[in-house]
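Here's the structure we're looking at; comments come further down.
Each chain gets a letter, A, B and so on, in the order its sequence line appears, and its residues count up from 1. Predicted model, so just to flag it, every value in this text is computed and none were measured.
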Amino acid sequence: MPELPEVETIKRGLLPHIKNTVIKNIIIRQPALRWPVPSILKTALPNSKITDITRRGKYLLFKIKNTDSNNNLLVIHLGMSGSLRVVDPDIPLKKHDHVDIILDNNKILRYHDPRRFGAILWIENGSVDNHIRFKDLGPEPLTDNLTGEYLFNKAKNKKLPIKNFIMTNSNVVGVGNIYATEALFYAKINPLKSVDLITLKEWNKLVLEIKKVLEKAIECGGTTLKDFMHSDGKPGYFKQQLAAYGRADKPCIKCHNALSTIRQQGRATVYCEHCQK
DNA sequence: CAACCGCCCTGGGAGC
DNA sequence: TGCTCCCAGGGCGGTT
């Protein structure tokens, strides 16, 4: 399940294989992802050049340049189980290989997604900022736009558990269940605590821990879970470093009491009742 | 409006 | 061995 560090890792892994290649063709075998894969891609993409890949939250943005317009974006979200691989043409298709983007360097950018929670979007001659999927997104966590003060102000007069708050995209992007769980553990904040009770000092600490845990995961090449592989097929190495996520009933690494599990908005939350207040 | 909840989807693991 | 049930969970859309 790619979260922000995995998406960033995929972006970095893809760039050297993809940048400045020309798309020869696109094959859409299964258009039914979260939203239908736009069929216009079949005419829009061929003979266009991929000039760059950037990221907004968990969305990968492929800059596409053709003769008519310089500002097209191919947007790919990997959802829960999506992956992108750069493969040779003789690599046999696997089940759930839904889309192939055939490049002029004799490689294929292959989209694979068993659960089909991912999405492929097309933004023609425009930027992401005004797009319906992007205009309400909160700041990027690894930039100076995310500060404790920003979250403190954003949370004023709201009443909801802090974990739900930091996992909401309009507050801050890219903090999914794994890293929300980890950051709250390191910040020693109880995931159930309502945001209106969090002090500015606690917000500052939490923001610091969010940035630290995301940066560390990127350094490690993303967390390896069932569905995540690097774009070159090698797994990441972060999972063994998780302190709370996936460690229900195991001893807290700080106080050695057993970690607790609860469910919040249908997601598992693991935390230490002793350390997280 | 804020907050909440159900739903989309498939594979894998547990239990019987 | 095969069946059923549950879980993974981001993000949307409907309801309270």
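Across residues 157-167 of chain A, A/Lys158, A/Lys159, A/Leu160 each have a non-hydrogen atom less than 4.0 Å from an atom of DNA chain B (numbered order).
The distance between atom NE2 of A/His98 and atom P of B/dT10, rounded to the nearest whole Å, is 8 Å. In this structure, A/Lys95 places its NZ atom 8 Å from C1' of B/dT10, rounding to the nearest Å. Rounded to whole Å, the distance from CD on A/Gln264 to P on B/dG6 is 16 Å. Per the geometry, CG belonging to A/Leu192 stands 15 Å off C1' belonging to B/dA3, to the nearest Å. Taking atom NE2 of residue A/His96 and atom C1' of nucleotide B/dG11, one finds them 8 Å apart after rounding to whole Å. One interatomic measurement links the two molecules: CZ of A/Arg247 to P of C/dA8, which rounds to 17 Å at whole-angstrom precision. Note: CH2 (A/Trp35) to C1' (C/dG11) measures 7 Å, nearest angstrom. Whole-Å rounding puts the A/Gln30 CD to B/dC8 P distance at 16 Å.
Dense packing is recorded around NZ of A/Lys193, with more than 12 heavy atoms of other residues, nucleotides or ligands lying under 6.0 Å away. Atom NZ of A/Lys42 has 12 or fewer heavy atoms from other residues, nucleotides or ligands within 6.0 Å.
For the pair A/Lys254 and A/Phe185, the cation sits on the ring face: its NZ or CZ lies under 6.0 Å from the ring centre, inside 45° of the axis.
Contact annotation: A/Arg263 reaches the phosphate of C/dA8 (side-chain N/O to OP1 or OP2, under 4.0 Å). Side-chain nitrogen and oxygen atoms of A/Arg116 include at least one within less than 4.0 Å of the OP1 or OP2 phosphate oxygen of B/dT10. One finds a side-chain N or O of A/Arg133 lying less than 4.0 angstrom from the OP1 or OP2 phosphate oxygen of C/dC12.
Side-chain atoms of A/Pro114 lie closest to B/dG11 of the nucleotides B/dG11, C/dA8, C/dC12.
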Let me have the donor-acceptor pairs involving side chains of residues 97-104 of chain A, under 3.5 Å, with sequence neighbours excluded, atom names and distances please.
residue  : atom : partner  : partner atom : Å
A/Asp97  : OD1  : A/His112 : ND1          : 2.7
A/Asp97  : OD2  : A/Lys94  : N            : 2.7
A/His98  : NE2  : A/Asp113 : O            : 2.8
A/Asp100 : OD1  : A/Arg110 : NE           : 2.8
A/Asp100 : OD2  : A/Arg29  : NH2          : 2.8
A/Asp100 : OD2  : A/Arg110 : NE           : 3.4
A/Asp100 : OD2  : A/Arg110 : NH2          : 2.9
A/Asp104 : OD1  : A/Val22  : N            : 3.1

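At least one side-chain heavy atom of A/Gln264 sits under 4.5 Å from a side-chain heavy atom of A/Pro191.
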Next item on the list: Begin with the C-alpha distance, continue with both residues' side-chain angles, and end with the deciding distance and a verdict on side-chain hydrogen bond (donor to acceptor under 3.5 Å, both in side chains) for A/Asn47 and A/Lys24.
Entry: CA-CA 6 Å; A/Asn47 302 315; A/Lys24 288 169 76 175; over 6 Å; no
